[in-house]
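To keep things clear, I will list the structure first and then write my remarks on it.
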Amino acid sequence: MTTVSRWRGPVGAMDVGELLSYQPNRGTKRPRDEEEEEIKARRKQASAREHSRHREEESVALEETDDEKKKLLQIIERDGEEEEEEEEPLDESSVKKMILTFEKRSYKNQELRIKFPDNPEKFMESELDLNDIIQEMHVIATMPDLYHLLVELNAVQSLLGLLGHDNTDILQWLKQLSSHVSIAVVDLLQELTDIDTLHESEEGAEVLIDALVEGQVVALLVQNLERLDESVKEEADGVHNTLAIVENMAEFRPEMCTEAAQQGLMQWLLKRLKAKMPFDANKLYCSEVLAILLQNNDDNRELLGELDGIDVLLQQLSVFKRHNPSTAEEQEMMENLFDSLCSCLMLSSNRDRFLKGEGLQLMNLMLREKKISRSSALKVLDHAMIGPEGTDNCHKFVDILGLRTIFPLFMKSPKKIKKVGTTEKEHEAAEVLPGCGYRQQLGLEDAFAVDRLMELYFKYLDAMQAADKKIDGEKHDMVRRGEIIDDDMEDEFYLRRLDAGLFVLQLICYIMAEICNANVPQIRQRVHQILNMRGSSIKIVRHILKEYAENIGDGKNQEFRESEQKRILDLLENF
């Protein structure tokens, strides 16, 4: 902006010389001193005007610069708003567009890789573009009802193909870049299969899981796991997210666990567990996924045995023989391994492997050392020796003098059970050690041992009577309301009685019948004496054992079921 002078127009057109030579109409003559002062004043005024002119020019320049900045900021803000407006709407059309963009970039990358196999710089940019679109596709995980588009547009197969992204015989920096692409796919699949997201749209989830299973996703994930370097944080995170995908799919569709284990996952998990690496979150996650695969799955239990998995579990657990886990996470891993071992011992063939692998000796040592692992070791012994398949393990346990270790535990359970999730009932149930031939082996001829047995009998009898009273009250109310008590309801009531301690009570009664038939009159007299003193009777024990005989066995071995039922009835006749 330019200031206009009253005399000569714009100030910018007048220079300093002209201002100084300017002589106004003097009129009456004044003294010389006044003239000099007036000249000085005019000079100052001219100087001030000149300074003002420069300031005005600078101000104009600054104003122009500020205007430009404002315009730029407006443009940036407008572009940002436009981008936000573009990102906000997420519908079927935008998802289709995103998937098609992914397919184009994937195809372009594959084409350049084939065209320039020995010149990786040629397809580096396409690799980056592909990684960018994969990152953008994470937004699809917020709309599981549109998962069908991933399948219909073949995006699932393309993603699975990228899990095997070829990165051999190329520069090291490009190997890392290729790994980034496969890890980006793993991250995307992990988010797409998040269990909470899957349950938001059952239909969309079913379509996605079907496509992943059909594409043998686990086999491809295992191949990718083999090449990941866990010393690199990003790749270690990729391992963790891979295990999360398996866990999510197993929770949503448990029946896929068998196929997953057979596609190499079981072998990789065992390999990772026994790898000589410091304990970390991935090792903990491996133990958790292994326990999931073995749960209620005889095929996977057999596969683990064939892969020498029993030895791997025993080797990993041997660390806790004399040392407690150093952290809560390490303790959780230990419990996962114990749970996996117990699950495997449900299979008779694995009990033989456990025996040959000296598993009994290891569990016996754990009981003696009195570390945190003791409670879990006791549970493992229970699984190893129960039923007809556990006979050999029972005999071996006696041979290694295991009864000397377990008898003090039978006499008095630890007051404080440090194992997380272990109840006193579970501990005492394991102490009873069913199937060991109680008469001679547990030394129950000792009066103190008989007293302890009877103490446990009345403890669990009281618990069962309280549970039965509550269940009878519920049944009465149901009948009064006209409700039908069907077989499912009866099964539920029976499970509640088992949870209250029925199975432990049945085992105790079994032992009572055994020792009373041991031809030791003092023992029989002591049992009858304590029963009479506490107001109980033989009839109650017989009723409990008859119910046990009716429900014994799991249907796998009919011959054992029949022989065991006959044995119990014979004991009752002589009780």
Side-chain angles (χ1 to χ4, degrees), residues 378 381-399 401-413 425 427-461 464 501-534 536-553 557 559-575:
L378 194 60
L381 290 174
D382 186 25
H383 281 76
M385 292 188 279
I386 195 170
E389 300 91 347
T391 303
D392 292 341
N393 280 312
C394 286
H395 293 158
K396 183 64 177 179
F397 190 70
V398 174
D399 292 342
L401 305 178
L403 295 175
R404 291 185 181 181
T405 306
I406 207 167
F407 193 69
L409 294 176
F410 171 75
M411 292 300 294
K412 187 173 181 61
S413 300
K425 179 181 74 220
H427 195 95
E428 289 171 343
E431 288 168 7
V432 176
L433 281 178
C436 280
Y438 306 103
R439 284 180 294 184
Q440 294 83 16
Q441 296 172 355
L442 283 180
L444 286 173
E445 292 82 357
D446 192 313
F448 292 106
V450 175
D451 289 350
R452 169 61 174 162
L453 183 69
M454 299 306 295
E455 177 187 342
L456 291 173
Y457 167 73
F458 284 108
K459 173 183 177 179
Y460 283 95
L461 180 62
M464 278 309 308
L502 176 61
F503 182 58
V504 183
L505 181 63
Q506 291 171 340
L507 294 178
I508 292 170
C509 292
Y510 194 171
I511 296 174
M512 289 168 58
E514 280 272 15
I515 62 177
C516 287
N517 281 273
N519 296 322
V520 182
Q522 297 88 343
I523 298 297
R524 184 192 295 265
Q525 291 172 5
R526 183 65 177 167
V527 170
H528 284 258
Q529 181 185 7
I530 294 175
L531 287 174
N532 292 330
M533 287 174 58
R534 298 287 296 270
S536 188
S537 66
I538 297 295
K539 290 182 180 180
I540 297 177
V541 179
R542 286 177 174 171
H543 174 75
I544 293 171
L545 278 179
K546 283 182 179 178
E547 185 179 19
Y548 175 58
E550 291 172 358
N551 293 279
I552 199 170
N557 192 329
E559 184 179 350
F560 166 75
R561 176 187 172 91
E562 293 174 356
S563 64
E564 193 68 7
Q565 286 177 335
K566 184 177 183 303
R567 173 179 171 75
I568 293 172
L569 295 176
D570 291 341
L571 289 173
L572 286 176
E573 290 181 4
N574 301 319
F575 187 33

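What you see below is based on every heavy atom in this structure, not just the backbone, and it leaves out hydrogens, waters and symmetry mates. Predicted model only: the values in this text are computed from it and were never measured.
Taking the side chain to side chain contact (heavy atoms under 4.5 Å, CB included) definition, one finds that Gln565 meets it with Ala549, Ile552, Arg561, sequence neighbours left out. A search for side chain to side chain contact (heavy atoms under 4.5 Å, CB included) contacts involving Gln529 returns Arg526, Met533, not counting sequence neighbours. Residues meeting the salt bridge (Lys or Arg N to Asp or Glu O under 4.0 Å) test with Asp392, sequence neighbours left out: none. Applying the side chain to side chain contact (heavy atoms under 4.5 Å, CB included) rule to Leu569 yields the partners Leu572; only residues at least two apart in sequence or on another chain are considered. Partners of Gln506 under the side chain to side chain donor-acceptor pair (under 3.5 Å) rule, at least two apart in sequence or in another chain, do not exist in this structure. In terms of the side chain to side chain donor-acceptor pair (under 3.5 Å) criterion, Gln525 has no residue partners (sequence neighbours excluded). Take Asn532 and apply the side chain to side chain donor-acceptor pair (under 3.5 Å) test, not counting sequence neighbours, and it matches no residue. His543 is linked by a side chain to side chain contact (heavy atoms under 4.5 Å, CB included) to nothing, counting only residues two or more places apart in sequence or in another chain.
Distance check: Tyr510 OH to Phe503 CZ gives 11.0 Å after rounding to the nearest 0.5 Å. To the nearest 0.5 angstrom, Leu453 atom CG is 8.5 Å from Cys509 atom SG. Separation of atoms SG (Cys394) and CG (Asp399) is listed at 11.0 Å; rounding is to 0.5 Å. Note: Asn393 CG to Leu381 CG = 9.0 Å, rounded to the nearest 0.5 Å. Note: Ile511 CD1 to Leu456 CG = 9.0 Å, rounded to the nearest 0.5 Å.
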Side chain to side chain contact (heavy atoms under 4.5 Å, CB included) evaluation trace for Glu455 with Asp451:
CA-CA 6 Å; Glu455 177 187 342; Asp451 289 350; over 6 Å; no

Let's go through Asp382 and Leu378 carefully: what are the C-alpha distance in whole Å and the side-chain angles of both, what is the deciding distance for side chain to side chain contact (heavy atoms under 4.5 Å, CB included) to 0.1 Å, and is it a yes or a no?
CA-CA 6 Å; Asp382 186 25; Leu378 194 60; over 6 Å; no

Kindly indicate, with the supporting measurements, whether the criterion side chain to side chain contact (heavy atoms under 4.5 Å, CB included) is fulfilled by Leu531 and Phe458.
CA-CA 9 Å; Leu531 287 174; Phe458 284 108; 4.1 Å; yes

Side chain to side chain contact (heavy atoms under 4.5 Å, CB included) between Leu545 and Leu571, worked out:
CA-CA 10 Å; Leu545 278 179; Leu571 289 173; 5.8 Å; no

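Closest heavy-atom contact between Leu461 and Leu505: N-CD1, 3.8 Å. Heavy-atom minimum distance, Met512 versus Val541: CE-CG2, 3.9 Å. For Ser536 against Tyr457, the heavy-atom pair with the smallest separation is OG-OH, 3.4 Å.
Listed by first and then second residue, the salt bridge (charged side-chain N to carboxylate O under 4.0 Å, His left out) pairs involving residues 538-549 are Arg497-Glu547 (not counting sequence neighbours).
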